[in-house]
Amino acid sequence: MTAVITVAEGPEYGGARVDVGFIGLGVMGQPMALRLADSGAELIVWSRRAAPCEPLRAAGAHVAADPAEVFRKAPVVILMLAHGDAIDAVLGRGTPDFASLVADRTVVHMGTTSPEYSQGLEADVRAAGGRYVEAPVSGSREPAEAGRLVAMLAGEPAAVAAARPLLGPLCHEEFVCGPVPNALVTKLAVNLFLITTVTGLAESFHFAERHGLDTRLFLEVLDAGPMASGVSRMKAPKLLARDFGVQAAARDVLMNNQLVAAAARRTGVASPLLDVCHALYADTVALGHGEADMVAVLRAVEARTEQVSGAGSRSAPRPR
């Protein structure tokens, strides 16, 4: 059963209360916004492309003409945008429009950016009379559709308290991490583990396949043992089927990898496993698989095998 959220009533919109705005209806954002709409929230949304808005309209959400309308109508605005440049463009940051948008509003940044970017954005929002919450999530499209994301929150306690009721339909766990940018630093640490885990899974699958093993049996052995996880259970079937349909795009994983690496360098932290993954995801994107799921890193591993052994030295196909 979908949870019904309760927040302080917002401004009126066409005779109806508006609780929350949502900007950014991409791979993750659209299912998140749909869950909010289904929860009973009065929702207003905007996307730079019209098509992703239509399922929201059908679910009862208001569709805004522009970001400014979202901020005029909603007391809390969630941003699920790909990077800082997109956020700045939506907010008109650096222009006189910025203060008029965010004053007396709670801005909830749920995407993944550098911690330094988030700190700067919080300072600007608060200086303009708004409130700011960092709320990145761990999970991909499938957990977003199921409301099984994990949220990390940071910010002033009052701002976090205002935003937190909205996360119930989206997340099965929420963790308050303290001041900004602790939530994003936590997310980067989580992503480091995710990236290295999925890359290791793809390489082990490739190893088994090239040795002529029954890869279905190999994955069953993996699933029965202590290495099994929610990640392996989501990604292993995709490897077996060579299904690269996107849950978390390789291009986005490369961007996240770059953010983690930059944070490591700034603090003098070594990241040897991440650095190898960084190169492999760069290869994946260069090979034309940037919009595919992150398990397409298998393509980069396969390409390296071809470089080492030559195209004619592949082992026999795996048993069926």
Side-chain angles (χ1 to χ4, degrees), residues 22-33 47-48 77-91 93 107-122 124-125 132-145 148-155 160 163 166-167 170-171 173-199 231 246-267 269 271 274 277-278 281-282 284-285 290-291 293-294 297:
F22 201 107
I23 295 178
L25 302 177
V27 169
M28 294 283 289
Q30 188 191 63
M32 292 167 68
S47 173
R48 61 186 175 83
V77 179
I78 292 172
L79 305 178
M80 192 62 182
L81 296 164
H83 45 69
D85 288 347
I87 294 170
D88 290 347
V90 161
L91 296 180
R93 195 171 174 209
V107 177
V108 184
H109 169 27
M110 295 194 75
T112 305
T113 59
S114 73
E116 290 75 19
Y117 172 86
S118 185
Q119 281 183 305
L121 182 58
E122 181 194 39
D124 288 352
V125 168
Y132 179 81
V133 179
E134 254 182 16
V137 291
S138 180
S140 58
R141 184 178 182 90
E142 188 173 305
E145 291 171 341
R148 300 291 295 173
L149 297 171
V150 175
M152 293 144 276
L153 294 92
V160 170
L166 298 170
L167 303 183
L170 311 180
C171 304
E173 293 276 3
E174 304 149 22
F175 297 91
V176 178
C177 301
V180 173
N182 282 7
L184 271 167
V185 175
T186 303
K187 172 69 187 295
L188 295 183
V190 168
N191 278 0
L192 194 162
F193 184 48
L194 172 66
I195 291 166
T196 55
T197 298
V198 172
T199 307
V231 170
V246 67
Q247 293 172 333
R251 191 180 306 279
D252 293 337
V253 173
L254 177 59
M255 180 199 73
N256 277 269
N257 202 318
Q258 292 164 338
L259 290 172
V260 180
R265 300 298 171 267
R266 278 191 296 270
T267 51
V269 172
S271 56
L274 181 78
C277 295
H278 194 164
Y281 278 98
T284 304
V285 172
E291 304 310 315
D293 189 71
M294 66 186 298
V297 72

- Message: For the CG atom of D88 and the NE2 atom of H83, what is their distance to the nearest 0.5 Å?
- Response: 10.0 Å
- Query: How far does CE of M255 sit from CD of Q258, to the nearest 0.5 angstrom?
  - Reply: 8.5 Å
- Task: For D124, check salt bridge (charged side-chain N to carboxylate O under 4.0 Å, His left out) against everything at least two apart and list the hits.
- Result: R93
- Note on the structure: When every non-hydrogen atom of A249 is compared with those of G290, the smallest separation belongs to CB-O, 3.7 Å
- Query: Measuring from L259:CG to L254:CG, what's the distance to the nearest 0.5 Å?
  - Reply: 10.0 Å
- Message: Test side chain to side chain contact (heavy atoms under 4.5 Å, CB included) on V133 and V160; report intermediate values, then the result.
- Response: CA-CA 6 Å; V133 179; V160 170; 4.3 Å; yes
- Message: Which residues pass the side-chain hydrogen bond (donor to acceptor under 3.5 Å, both in side chains) test with E116, not counting sequence neighbours?
- Response: R266
- Item | Under 3.5 Å donor-acceptor, Y281 side chain and M294 backbone | yes
- Query: How long is the gap from CD1 on I195 to CG on N257, to the nearest 0.5 Å?
  - Reply: 4.5 Å
- Message: Between D252 and V27, is there a side-chain heavy-atom distance shorter than 4.5 Å?
- Response: no
- Query: Once you round to the nearest 0.5 Å, how far does OG of S140 lie from CZ of R148?
  - Reply: 13.0 Å
- Sequence neighbours excluded, which residues qualify as side-chain hydrogen bond (donor to acceptor under 3.5 Å, both in side chains) partners of T113? H109
- Message: What I'd like to find out is whether the side chain of I23 reaches to under 4.5 Å of the side chain of L79, using heavy atoms alone.
- Response: yes
- Query: Hey, mind stepping through V90 and L81 against side chain to side chain contact (heavy atoms under 4.5 Å, CB included) and telling me if it holds?
  - Reply: CA-CA 9 Å; V90 161; L81 296 164; 3.9 Å; yes
- Message: Tell me the closest heavy-atom pair linking M28 and R141, and the distance in Å.
- Response: SD-N, 3.5 Å
- Query: Going through the checks in order, is the side chain to side chain contact (heavy atoms under 4.5 Å, CB included) test met by L167 and L153?
  - Reply: CA-CA 10 Å; L167 303 183; L153 294 92; 3.6 Å; yes
- Task: Could you tell me which non-hydrogen atom of A33 sits nearest to which non-hydrogen atom of L25, and how far apart they are?
- Result: CB-CD2, 3.7 Å
- Query: Does any N or O in the side chain of D293 come within less than 3.5 Å of the main-chain N or O of A248, such that one atom is a donor and the other an acceptor?
  - Reply: yes
- If every non-hydrogen atom of A261 is compared with every non-hydrogen atom of L274, which pair is closest and at what distance? N-CD2, 3.6 Å
Please list, one pair per line, the donor and acceptor atoms closer than 3.5 Å that link side chains of residues 175-191 to other protein atoms, with sequence neighbours excluded.
from: N182; atom 1: ND2; to: C177; atom 2: O; distance (Å): 3.1
from: T186; atom 1: OG1; to: N182; atom 2: O; distance (Å): 2.8
from: K187; atom 1: NZ; to: T112; atom 2: OG1; distance (Å): 2.8
from: K187; atom 1: NZ; to: V137; atom 2: O; distance (Å): 3.0
from: N191; atom 1: ND2; to: N256; atom 2: OD1; distance (Å): 2.7

- Query: Does any N or O in the side chain of Y132 come within less than 3.5 Å of the main-chain N or O of V125, such that one atom is a donor and the other an acceptor?
  - Reply: no
- Note on the structure: Note: L149 and G139 closest approach over all heavy atoms is CD2-CA, 3.7 Å
- Note on the structure: The side chain to side chain contact (heavy atoms under 4.5 Å, CB included) partners of A264 (sequence neighbours excluded) come to V269, S271
- Message: By the salt bridge (charged side-chain N to carboxylate O under 4.0 Å, His left out) test, which pairs, at least two apart or in different chains, include something from residues 174-185?
- Response: R164-E174
- Query: If we only count heavy atoms from C-beta on, is the V260 to H278 side-chain gap below 4.5 Å?
  - Reply: no
- Message: As an exercise, state the distance from CG of L170 to CE of M80, rounded to the nearest 0.5 Å.
- Response: 9.5 Å
- Query: Which heavy-atom pair separates A144 from M32 by the least distance, and what is that distance?
  - Reply: CB-CG, 4.1 Å
